[in-house]
Structure formats: C-alpha cells, structure tokens
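My questions all concern the structure below.
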Amino acid sequence: MSGRILIIEDEKAIVDILKFNLEKNGYDTQAAYDGEEGLRLALEGGFDLLLLDLMLPKMDGIELCRQFREKDTQTPVVILTAREEEDDKVTGLEMGADDYITKPFSMRELMARIKANMRKRARQAQPEDSQDESLEVGELRLDPVGCEVYRSGNVVSLTAKEFDLLKFFMTQPDRTFSREELLEKVWNYEYYGDMRTVDVTVRRLREKIESDPAQPRYIVTKRGLGYMLKS
Ligand code: CA
C-alpha cells in the first residue's frame, strides 16, 4: 500500500523515526513541526492520512483537528498521544479524528493502524466495490455512491468514520453488535482496540442524526450487549 502521509509533530527524533519507517513501507511523507504549519499543509490537500501529535507549538493538535475538519471531513486523522493525555484523545475523537495511537508505540502497531484507516478510506472512495443502492431507515437515507447522508432530505455532515459506522448499522438494522464486533468490522482492528473509540463515535453520530441524542430513536444502547440501529 502507498500513499502520502503528513506528520505533524514537533519532536524531531520522533519525526525522523516515523519518516524512516513510513518510507521503508512505501509511503511518501512530509513533516510539519508546529500546528500552524501543519494546518496550512494539511489544508493544501493531497494527503491520504494525517499523523497528528497533540502537544504542538503555535496551535495544539485538538484545535488543528477542529479547524481541519471544518474544511475536510474525509482525510483520516490519526492522533499520537502520550499516556498521560488520555482525556485529550477523547477530545480529539470528538473533534473528528478517526483514531489515535498511544506513545510509545511499536512500528508494527502504527503500520497496522495506518493501513486500517487508509483501507477504509480507499474502500469508500471506490463505490463500484460496494453496493450502490441507497439505504433507508426512518428519516435517514444514506447514499453509498455519493457518500452522503440525509435526514428528512437535509444533508448531514459526517466524518469518514461516522459515515462508515452508520453505513454498517444501516445495512443490518435491528441487529445488536458488541463494541468488539464494531471495532473489528468498522475499524478493521483485529487487535489493539479501545472500546471508548466506539462509544465516542456513537455519541458524535447521535448528535448529528438524532433529534434528541439523550433519547436516541435510531442508535440505541443495548445494556451490556452493545449498540443497535432501530428500523
Ligand atoms: Ca509534541
């Protein structure tokens, strides 16, 4: 697999090791050493994935992600966090990041995450490989070809991961999925998963598609079991 990856990280030693390993695996890389430069390069586009550190000079990674997502909802963003930044990774997911990886990480784990996130994106960009009929549940309509979701005819703006998750639910309504199953099927994780990733993405999705996210009509919690989309 190949692609262009933007590394936004202020620690030169980490950038160097990331560049070395990514290039060895066939990726093109570019680096930005502060948040402002990172955002500018990210918005110029042409990247297949962003690797984003959170503690950055000039603009932190959370703010960068928020501003980036206002313009680009599709390019996968993978956050690099330190263990002591547990809360930040949740904030990062809320700001529209797709995934995170905790430092120190192994290169094997990082490559697996990058591949999983790029594969999902590539699959979405090639609608001929997937079914192209609109999916409808209640007032929701999902167009797999145009990658758009409508609620009562109005476009709902979703990130790539929110779209993937909703599509997965809409293809199999009224079936309960455990968070482990969702991580495996939607995030392509066979290992290294964190269940909170699922919870945060479900919460964000509810805020966008439910009239009352606290009393969801569509994505309901099945206590002790997981989540289900009600038809
Ligand atoms: Ca840093």
Side-chain angles (χ1 to χ4, degrees), residues 1-118 120-121 159-162 183 187 189 191-201 203-204:
M1 178 170 275
S2 64
R4 287 189 75 217
I5 296 178
L6 176 61
I7 304 163
I8 308 171
E9 161 70 77
D10 59 321
E11 277 175 67
K12 189 162 183 309
I14 296 181
V15 173
D16 288 347
I17 196 164
L18 286 171
K19 268 173 117 40
F20 176 79
N21 282 279
L22 290 166
E23 285 170 12
K24 202 172 73 182
N25 280 274
Y27 297 102
D28 287 331
T29 63
Q30 194 165 350
Y33 296 90
D34 68 64
E36 283 176 6
E37 172 80 349
L39 181 62
R40 190 182 64 74
L41 286 173
L43 290 176
E44 278 177 9
F47 292 99
D48 298 296
L49 186 136
L50 267 50
L51 273 180
L52 176 63
D53 181 34
L54 289 182
M55 303 286 274
L56 290 166
K58 295 191 184 170
M59 179 190 295
D60 68 41
I62 300 280
E63 177 60 17
L64 191 160
C65 189
R66 193 187 66 74
Q67 291 195 29
F68 180 65
R69 277 287 177 249
E70 284 178 1
K71 304 262 165 57
D72 181 329
T73 57
Q74 299 303 311
T75 307
V77 176
V78 177
I79 288 176
L80 306 168
T81 65
R83 283 206 194 283
E84 58 272 21
E85 298 165 353
E86 285 284 299
D87 291 344
D88 289 347
K89 85 188 176 195
V90 173
T91 312
L93 291 170
E94 282 168 351
M95 287 301 153
D98 298 274
D99 206 351
Y100 61 85
I101 189 161
T102 307
K103 294 185 217 174
F105 45 80
S106 73
M107 280 302 151
R108 184 162 156 263
E109 181 185 359
L110 180 71
M111 291 305 155
R113 288 293 179 90
I114 287 175
K115 253 187 218 157
N117 280 281
M118 298 219 321
K120 274 323 277 195
R121 186 67 209 106
T159 66
K161 200 53 77 183
E162 292 160 2
L183 264 186
W187 277 262
Y189 291 169
Y191 44 100
Y192 303 127
D194 181 333
M195 301 306 148
R196 274 204 291 176
T197 306
V198 177
D199 297 334
V200 172
T201 310
R203 190 163 79 226
R204 275 185 356 225

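One is the number of the first residue; the rest follow in order along the sequence. Atoms within each ligand, like the ligands themselves, are counted from 1 in listed order. Since the model is a prediction, treat every value here as computed from it, not as a measurement.
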- Task: Could you check which N/O/S atom of Asp53 is closest to the Ca ion (ligand 1)?
- Result: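 Atom name of the closest N, O or S in Asp53: OD2.
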- Query: Short check: any N/O/S atom of Asp10 below 3.0 Å from the Ca ion (ligand 1)?
  - Reply: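 Yes, Asp10 qualifies, because one of its backbone or side-chain N, O or S atoms lies under 3.0 Å.
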- NZ/NE/NH1/NH2 to OD/OE distance under 4.0 Å, Lys103 and Asp53: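 Here Lys103 pairs with Asp53 in a salt bridge, since their nearest N and O are under 4.0 Å apart.
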- Task: State plainly whether the residues Glu36 and Arg40 are in salt-bridge range, i.e. N to O under 4.0 Å.
- Result: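 Salt bridge: no.
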- Message: So, applying salt bridge (Lys or Arg N to Asp or Glu O under 4.0 Å) with Asp99, which one of Arg113, Lys161, Lys115, Arg196 is it?
- Response: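 Checked Arg113, Lys161, Lys115, Arg196 against Asp99; only one passes salt bridge (Lys or Arg N to Asp or Glu O under 4.0 Å): Arg113.
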- Message: Taking 3.0 Å as the cut-off, does Glu11 contribute an N, O or S atom near the Ca ion (ligand 1), distance below it?
- Response: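 No, outside the cut-off.
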- Message: For Asn117 and Asp98, which I'm curious about, is there any donor-acceptor pair between the side chains at under 3.5 Å?
- Response: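 On atom types as modelled, these side chains do not qualify, holding no pair under 3.5 Å.
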